[in-house]
Amino acid sequence: AAFHSVNMANLLTSRSILLILLCICMGGVPVIENPGTSLIWMHDRFQWLLEVLERCGMKMYKQRFWMCHFNSPSMKRTILWSTG
């Protein structure tokens with residue numbers, strides 16, 4: 001059996017994919033923000049979403065950048081995924 005934290009992360013990813021689809025169907029532009037170390041793009045549901053978007057003539061774009069919060073000495077790598 002998988003760890004509880006892994007199960008919860010998988011559930012959150014699956015729900016996020018559903019919300020992304022809902023957003024797109026309602027004419028919106030979804031944006032997902034993840035830490036640079038995130039492996040969401042490897043998740044089965046995310047791969048499925050990319051395939052569905054491609055069949056509909058859409059793309060999911062990825063933008064990477066660094067952020068620093070409240071003058072913190074360490075930078076945080078962030079990734080945004082979006083259809084627009």
Side-chain angles (χ1 to χ4, degrees):
F3 290 105
H4 178 72
S5 60
V6 173
N7 289 334
M8 294 308 294
N10 286 336
L11 180 62
L12 180 61
T13 298
S14 295
R15 288 180 178 174
S16 296
I17 298 303
L18 286 174
L19 290 172
I20 289 168
L21 289 172
L22 178 62
C23 180
I24 292 169
C25 289
M26 295 186 72
V29 178
V31 178
I32 302 174
E33 177 189 351
N34 271 191
T37 57
S38 171
L39 299 176
I40 190 172
W41 61 273
M42 294 178 67
H43 194 280
D44 291 344
R45 298 275 190 256
F46 196 84
Q47 290 297 314
W48 172 83
L49 174 66
L50 295 177
E51 292 171 13
V52 168
L53 291 176
E54 186 176 339
R55 284 196 299 263
C56 294
M58 299 178 72
K59 278 183 87 168
M60 182 72 79
Y61 298 96
K62 176 172 62 173
Q63 177 66 48
R64 296 181 184 149
F65 55 93
W66 295 90
M67 293 195 304
C68 193
H69 193 253
F70 296 115
N71 297 321
S72 172
S74 60
M75 300 293 282
K76 173 188 150 196
R77 181 120 173 145
T78 300
I79 299 175
L80 296 180
W81 294 87
S82 180
T83 58

Self-check item: Crowding at CD, Q47 (>12 non-hydrogen neighbours, <6.0 Å)
Solution: yes
Quiz prompt | Approximate separation, where rounding is to 0.5 Å, of H4 NE2 and L11 CG | solution = 9.5 Å
Self-check item: Closest non-hydrogen atom pair, K62 against R64
Solution: NZ-NH2, 2.7 Å
Quiz prompt | Rounded distance [0.5 Å steps], OG1 in T37 versus NZ in K76 | solution = 9.5 Å
Quiz item: Given the rule that I, L, V, M, F, W and Y join up when any side-chain heavy atoms are under 4.5 Å apart, are M60 and L80 in one cluster?
Solution: no
Quiz item: Looking only at heavy atoms, which two atoms of C23 and V29 are closest? And how far apart?
Solution: SG-N, 3.7 Å
Quiz item: Are W48 and L12 in one and the same hydrophobic cluster, where Ile, Leu, Val, Met, Phe, Trp and Tyr link if side-chain heavy atoms are under 4.5 Å apart?
Solution: no
Quiz item: What is the distance from atom CH2 of W81 to atom OG of S16, rounded to the nearest 0.5 Å?
Solution: 13.5 Å
Exercise. List, by chain and then residue number, the residues other than M75 in its hydrophobic cluster (Ile/Leu/Val/Met/Phe/Trp/Tyr, side-chain heavy atoms under 4.5 Å); write none if there are no others.
Key: W66
Quiz item: What's the shortest heavy-atom distance between W41 and F46, and which atoms?
Solution: CA-CD2, 3.4 Å
Quiz item: Would M8 end up clustered with V6 when hydrophobic side chains under 4.5 Å apart are linked, directly or stepwise?
Solution: no
Quiz item: Given the rule in the side chain to side chain contact (heavy atoms under 4.5 Å, CB included) test, do F65 and Q63 qualify, once you have shown the distances and angles that lead to the verdict?
Solution: CA-CA 7 Å; F65 55 93; Q63 177 66 48; 4.1 Å; yes
Exercise. Inspect the surroundings of CZ in R77 and state if more than 12 heavy atoms from other residues, nucleotides or ligands are less than 6.0 Å away.
Key: yes
Quiz item: CG/L39 to OG1/T13 distance, rounded to the nearest 0.5 angstrom?
Solution: 10.0 Å
Quiz item: Is I32 linked to L22 within one hydrophobic cluster, defined over Ile, Leu, Val, Met, Phe, Trp and Tyr using a side-chain heavy-atom separation of less than 4.5 Å?
Solution: no
Quiz prompt | Heavy-atom pair with the smallest gap, counting every atom of C68 and S74 | solution = SG-O, 3.9 Å
Exercise. Look at the side-chain heavy atoms of Ile, Leu, Val, Met, Phe, Trp and Tyr, link any pair under 4.5 Å apart, and say whether L21 and V31 land in one connected group.
Key: no
Practice problem: Before giving the answer on side chain to side chain contact (heavy atoms under 4.5 Å, CB included), spell out for L53 and I24 the whole-Å C-alpha distance, their side-chain angles and the decisive distance to 0.1 Å. | Solution: CA-CA 10 Å; L53 291 176; I24 292 169; 3.6 Å; yes
